[in-house]
Student: 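The structure is given below, and queries will be raised subsequently.
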There are 2 protein chains.
Amino acid sequence: MESNQQPHVVIIGAGFGGLTCAQALRSAPVRITLLDRTNHHLFQPLLYQVAMAGLSPADIASPIRSILRRQSNVTVLLDEAKGIDYERQVVHLTKDELPYDYLVLATGGRTSYFGHDEWEPFAPGLKSLDDAVEIRRRVLLAFEAAEKEKDEARSRELMTFVVVGGGPTGVELAGSIGELTRRVLARDFRTIYPEFARILLLEGGARILPSFTEDLSASAERQLERLGVQVRKNAQVTNIDATGVYLGDVKIPAATVIWAAGVGATAFTQQLQAPLDRGGRVNIQPDLTLPARANVFAIGDMTHLEQDGQPLPGVSPVAMQMGQAVARNIQNALVGKLYEKFRYVDKGSMATIGRHAAIADVAGLKLSGLPAWLAWLGLHLFFLIGFRNRLSALFNWSWMYFTYQRGARLITGGRKD
Amino acid sequence: MESNQQPHVVIIGAGFGGLTCAQALRSAPVRITLLDRTNHHLFQPLLYQVAMAGLSPADIASPIRSILRRQSNVTVLLDEAKGIDYERQVVHLTKDELPYDYLVLATGGRTSYFGHDEWEPFAPGLKSLDDAVEIRRRVLLAFEAAEKEKDEARSRELMTFVVVGGGPTGVELAGSIGELTRRVLARDFRTIYPEFARILLLEGGARILPSFTEDLSASAERQLERLGVQVRKNAQVTNIDATGVYLGDVKIPAATVIWAAGVGATAFTQQLQAPLDRGGRVNIQPDLTLPARANVFAIGDMTHLEQDGQPLPGVSPVAMQMGQAVARNIQNALVGKLYEKFRYVDKGSMATIGRHAAIADVAGLKLSGLPAWLAWLGLHLFFLIGFRNRLSALFNWSWMYFTYQRGARLITGGRKD
């Protein structure tokens, strides 16, 4: 069979779902085009480390072309999907169009402000490398501004950091601000004491990390408090502006606010002419196709699929298993078999808080503190894509571990000459 | 003597000159304030490695606070000098003012377009980390655009890279574009052959690297050509726009142009009410003071000083030796001694072209090729400030050396969601 007559699989998005799907089709008799708006696959679970100056952007990102260099049935394309014409089976790009036989949508998630997009300038979210570098810039600049501030109230405001949202990302961010202030920056300033910075973690519900057991939530809270983070539960944010966060009538003056409370699907799902949930996620069929579109699949954070009455969580293991399932279904279709229904196998979850501080719930085993942290470290290093990144991240971590220094403490961008 | 009655030395700029001066005053009975617009000291000689995706920004930059953490007579301030009031002896900052007893100006250089600032958007220069990341973005994006371009002329334009200026920076940039295309990107694309990219180095004079001997210039040219770089001498650029570079009536169509032809002083010198040279550099006295200002010194790339009838070159050894001389002069003044005249001791110079390719002229010894490259590598690693950066850069270099991979190949910024 002539190669260009093989069925063409177009995958939009090279996150965990899209990349896994492309790799799982390695030996399939198909041509694959993998489309992404950036040139790199991002190891999102460690993005908070870039935001907190522990790792460099290059440590947690690999060029997509490098990852797939040896897989000859894939073409990587740096472009943006603008829409889909289902009748003609083409994806509209910035200039051209791309015909497909099978389409896999894996465009991921983005920060959602629950209808309050006006908060975004004051409380950036953390979804991309550019977000991480911007948050790093704001946190480090707050200390620099406090160092030369003479007004006491303003200085307190500059030394207050509020993280909104008590899920894994919020906990990681708050914990690592604690470490940054207490260990890394402590001796670097002459007029301020970074270790007395005020760090608040606001959670709207009754406990942080609600996807874990109550015991583990409580343990995480104690570990955060040891790092100087104040956890406030049942805290409903009603407004955010340049000067702080409002909880009803109460105002918390703060120069730096980070939003980790909501994730929704990328705006691209609006184009799909398909039913969406409240977060803009597309409701998919159990075989991962869009309703009434047998050759269009959607996977990962952009999708809404329930299993045992609960929506599947927006985490990388779900996206990766979905990517593999789609690859199997396409291969089934090529030999005339029916699609299989997807079933997620939960292998456990963990959240990290700081050095020696984490919680884990893996295979029925509930860990916290040092053992959980070691498990987290090993697993994340193992899954960091690209051997070089793994070595480099290991090097940076060991360095931070033994010296409490952080090498990536650069304030870049945002300044015009 | 009460510490806050000690003389106050204000140093503006934490480049090689300013930082060396602050460190040389380690044991002097003075209070020092070191002011910089960024929070990091930059190892500028390796900036081209960041632009060519060989190193990460954090590998060549150290937080100024960290470098000076243990020197208790220094306060580091992130702010910008807006002007100087010589009568009242204060530096105007963004909001406040800073009184001084001795003032050391070390604000460095910036890219100069010789009166053609309109070329800047089309041909960025390389002076800051932000510049390096921008050039990296343009070079990598050109290949991505070529990969999907169907028009042949436009594709050739995208695959043409022009470096203007045959000094050390231009040679380093052109050589490393050669390596990037031939070794790193070669196998990553499906429709283009990065190894056939056209790389032009334009030099206005009769030979590249004119500060070296003719033999070494010729050797550098041969080494560049081996990496696929075409060197054009006596090439006077008359215009640059979005589609390419003009040499009189001849146009070279090129999507990516990098400007390495001119360095002048930062705009700050305009504020000094002092005589400037054509490049905006301030003419200083042999004792490194400004004319008629006995307590105001200026050093490094922002200055013009002749020695044996030749202006001193704008390189880091000059700036560092000047920084040390100023520290000696201030200490002399404190004990009632006269200032000494500055004399630069040239310990040699080198320029690198690529892997195993360099030239060096050190202590009368003229090296080229592998020996020169090894000398260059050792010396630069030795001088890279901060032990961590040295280790991390060594790691990244070894990795590149053995695998021809580049870890920092990220396209970030410039995209709005």
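In the text below, chain A, chain B and the rest are named by the order of the sequence lines, each starting its count at 1.
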Student: From B:H40 NE2 over to A:L140 CG, what is the distance, rounded to the nearest 0.5 angstrom?
Tutor: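 Rounded to the nearest 0.5 Å, the NE2-CG separation comes out at 11.5 Å.
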Student: Within a strict 4.5 Å, meaning less than it, do heavy atoms of the A:T191 and B:T75 side chains meet?
Tutor: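 No, their side chains stay 4.5 Å or more apart.
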Student: Taking every heavy-atom pair that is under 4.5 Å apart, which of A:V133, A:V76, A:V74, A:L68 has the most such pairs with chain B?
Tutor: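 Winner by heavy-atom pair count: A:V74.
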Student: Quick check: closest heavy atoms across A:R69 and B:R187, and the distance to 0.1 Å?
Tutor: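 It is NH1-NH2, 2.8 Å.
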Student: Among A:L77, A:D79, A:L141, A:I64, who wins on heavy-atom pairs under 4.5 Å with chain B?
Tutor: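 That would be A:D79.
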Student: Set out, in order, the CA-CA distance, both residues' side-chain angles and the distance that settles side-chain contact (heavy atoms from CB on, under 4.5 Å) for A:K150 and B:D96, then state yes or no.
Tutor: CA-CA 10 Å; A:K150 286 170 190 95; B:D96 307 295; 3.8 Å; yes
Student: Check each atom of A:L129 against the heavy atoms of chain B and say whether the ones under 4.5 Å are side chain, backbone, both or neither.
Tutor: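 It is the side chain, since no backbone atom gets that close.
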Student: Considering all heavy atoms of both residues, which atom of A:R65 and which atom of B:E144 are nearest to each other, and what is their separation?
Tutor: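 Taking every non-hydrogen atom into account, NH2-OE1, 2.5 Å.
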Student: For B:E134, is it the side chain, the backbone, both, or neither that has a heavy atom closer than 4.5 Å to a heavy atom of chain A?
Tutor: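 Neither part; nothing is under 4.5 Å.
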